[in-house]
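Working notes, structure below.
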Amino acid sequence: MDEDVFSLISFIKREVRDAEDHEVGHVQDLAVDLGLQPPMVTDVAVHLQWTDRIGELILPRPAEDIVLLLPWEEVESLEPEVLYLRDPHPLFQVVSSEGKIFARRDILNKQITDEEGNRLHRVDDVLMRQEGVLLFLEGLQVGTEWLPAGGRIGRLVNRLRSRYNRPGETNVIPYEAILRVDEEALVIRT
Amino acid sequence: MLGRGGRTQRRLGRREILIFLTVLGPGLITAMVDNDAGGIATYSVAGARFGYELLWVLVFTAVLLSLVQEMTVRMGMVTGKGLAALIRERFSLRLTAFIMFTLLVTNFANTLSNFAGLAASMQLFHVPPWIAIPPLAVLIWWLVVRGTYKRVEKVFLVASLVYISYIISAFLARPDWSEVGKALVTPSPHFDPAYLALTVTIIGTTIAPWMQFYQQAAIVDKGLDSSKIRYERVDTVVGSLLMTVVAMFIVICCSAAFFNNPSVGATTITTAEQAASALAPIAGNYASYLFGLGLLVASLFAGSILPLSTAYTVCEAFGWESGIDRSYREAPRFYFIYTFFIAGSAILVMIPGMPLVLLMLVSQTMNGILLPVILFCMLTLINDRDVMGSYVNPPWLNRVMWTVTILLTLLTLVMIVSTFFPSG
């Protein structure tokens, strides 16, 4: 796998530290804008250990184990084990999760179908490409080292990779093939 | 006014009965398939070795089975998804793969035990396995693949009536009904290792992991939603009760015929077909044939449902195309699993000297390992408001189910240790 490409499964639970280098929680999910080419990560859902404010709102008492969605501008840097934020805890900008598509919640493990609704496989992992501090959706992994996809889906992935001129990983559906993410399934162009 | 109200009530009653009849099926069939060859063997052994002493365990198990399957019903009707899909979406590929691998092995061994039951029951009617098994295997395969599932479901529902044969067999064995009544309401637990092992086996045989996957998939397949939840609850509870009643009559029959009977060594009864054969001199040929007929239908029933359920579950977990309405080209893995289970079991059961008892032991152990994992997943899922909305478990049910899950895990560990390290 390319050095700049990493799997969502390995990214989830990555430690999150604030501007003062205090550990504040871990990565819970990533919001992806599929309308962009390539699809870009626009927000990060952070599972905070605690907070007493949500954006401008001051809470009457601290809340523990709370997941907040922070815009990607809050991310200062991405290290192999840690994600650093720009602001000190708890003064983070927050955004609404309404209408957003999340890589873990809405894509990982989801049923993949073709346009006719035929079931092809499930999403075994979501691959991300890092460029500086930005993250982009690279593709959808089907099959793992210990459970290869093979067969029909293997042939389909090869066809898609040659169509979108993407050599390399043979078990990754390129992001260009994603048509839409429905509630029940992720539809790809075959 | 009263008359009009009465008519409205009658119409409502008829309408409700009609809705119930359309919903009826998943709960009843799941419970009936549960009385498979392995189950019949377990209940026969329980009756032969411990008389009526283990009847109370079946009462306890009926309640437990109803509670577990009711959770399955709720999950299927609220989410419209099968259990394998929910586990995959809520947990990880690794856990899903572990569950699916264990389920594959367990269900294959269960299918094999049903084919062994099929062969044995045919032998009771003097038909050797090499004549009986190939056409029956083809019949099972064809019935599901070439018949429509809705038709097959009706065939199975009617076939369930054959379980009445166990009730007749029990009456022919002339039990002491006052003793039966006493044993039902008076639990008599003791810590004899054989008693403990059989208790765990009864619970493990009755609440098998495939049932949760199968019933939820059948509910989703039928397109039942939460508006019909109370009807499906009735279907489930009725199924669990009927299944338990049949199991009780098997225990009663074998207890009356073999327990404390000097002409039959109770420990010589280890399989259902031995019980059926030994019944003839005690309760007459009719009792023996009826017992064998029950075993035949139960084995046929489970021998077709288990491979189908496994194929659906595994395909759903990994997102592969499935369904008997699909062609082999469209759903190759689904057909491969289904055909492999039937063909593999049919071939293995015809090989002389095959260690079927060992395979069944492995299957029971893996069932025991899998059940607490499934219950843990189910309890996590059903308490997730993102998944279940307002249909999460009430606190009392959580307390009961977590206690049962922990208790079952401990009992299973004890059984596994005592099975593989008998002197320990």
Side-chain angles (χ1 to χ4, degrees), chain A residues 7-13 28-29 45 47 65 67 97 101-127 140-157 171 173 181-188 190, chain B residues 76 78-104 217 220-221 223 225 311-337 340 377 380-381 383-387 389:
Chain A
S7 88
L8 178 71
I9 290 173
S10 70
F11 192 74
I12 289 166
K13 304 281 184 193
Q28 171 82 20
D29 212 334
H47 188 144
D65 288 327
V67 180
S97 62
I101 288 176
F102 287 90
R104 182 185 186 182
R105 188 191 70 185
D106 303 318
I107 300 177
L108 183 66
N109 288 319
K110 195 146 201 172
Q111 176 72 58
I112 304 171
T113 68
D114 63 15
E115 287 146 289
E116 279 83 46
N118 297 308
R119 283 167 285 193
L120 301 169
H121 206 279
R122 280 183 185 265
V123 180
D124 289 333
D125 208 340
V126 180
L127 297 188
L140 312 171
Q141 186 177 313
V142 286
T144 62
E145 282 174 10
W146 48 275
L147 192 69
R152 205 159 49 121
I153 184 76
R155 287 192 293 277
L156 172 66
V157 172
N171 61 341
I173 297 173
V181 179
D182 291 342
E183 200 180 325
E184 293 305 315
L186 188 148
V187 186
I188 62 166
T190 53
Chain B
V78 171
T79 65
K81 291 178 181 175
L83 184 56
L86 289 178
I87 289 176
R88 174 71 196 260
E89 286 165 19
R90 177 67 170 71
F91 299 97
S92 65
L93 172 62
R94 279 181 196 279
L95 180 70
T96 309
F98 164 75
I99 291 174
M100 290 306 121
F101 173 75
T102 317
L103 195 76
L104 269 170
V220 174
D221 195 48
D225 59 30
Y312 269 116
T313 304
V314 173
C315 289
E316 185 187 42
F318 296 115
W320 302 330
E321 191 55 272
S322 61
I324 47 179
D325 51 338
R326 300 277 169 167
S327 69
Y328 180 82
R329 258 180 79 86
E330 289 170 325
R333 287 173 176 174
F334 172 81
Y335 279 99
F336 174 77
I337 296 170
F340 177 82
C377 291
T380 308
L381 280 164
N383 285 302
D384 187 338
R385 283 193 183 270
D386 283 348
V387 178

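Chain letters run A, B, ... following the sequence lines, proteins first and then strands; every chain starts at 1. Model, not experiment: these values are computed from the prediction.
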Qualifying residues under salt bridge (charged side-chain N to carboxylate O under 4.0 Å, His left out), relative to B:D225, sequence neighbours excluded
none

Chain A contact via B:F334 - side chain, backbone, both or neither, heavy atoms under 4.5 Å
neither

Contacting moiety of A:V142, where chain B heavy atoms sit under 4.5 Å:
neither

Considering only heavy atoms, which portion of A:L147 lies under 4.5 Å from any heavy atom of chain B: side chain, backbone, both, or neither?
side chain

Residue part contacting chain B, namely of A:R152, when any heavy atom lies under 4.5 Å:
side chain

Identify the residues of residues 81-89 of chain B whose heavy atoms come closer than 4.5 Å to a heavy atom of chain A, ordered by number, or report 'none'.
B:K81, B:A85, B:R88, B:E89

Nearest heavy-atom pair of B:W320 and A:H121: which atoms, and what distance?
NE1-CD2, 3.6 Å

Write down the atom of A:N118, the atom of B:R326, and the distance for their closest heavy-atom approach.
OD1-NH1, 2.8 Å

Checking heavy atoms, do the side chain of B:E330, its backbone, both or neither come under 4.5 Å from chain A?
backbone

Contacts of type ring pair (Phe, Tyr, Trp, His ring centres under 6.0 Å), residue B:F340, not counting sequence neighbours:
B:F108, B:F336

Using a cut-off of under 4.5 Å for heavy-atom pairs, which of B:S92, B:S322, B:A331 has the most such pairs with chain A?
B:S322

If one checks every heavy atom of B:R90 against chain A at 4.5 Å, the contacting part turns out to be neither

Part of B:R329 lying under 4.5 Å from any heavy atom of chain A
backbone

Once you round to the nearest 0.5 Å, how far does CG of A:D124 lie from CZ of B:F318?
8.5 Å

Apply side-chain contact (heavy atoms from CB on, under 4.5 Å) to A:D182 and list each qualifying residue two or more places apart in sequence or on a separate chain.
A:R180, A:V187

Heavy-atom cut-off 4.5 Å, strictly under: side chain, backbone, both or neither for A:A149 against chain B?
backbone

With a 4.5 angstrom heavy-atom cut-off, could you sort out which part of A:T144 is near chain B: side chain, backbone, both or neither?
side chain

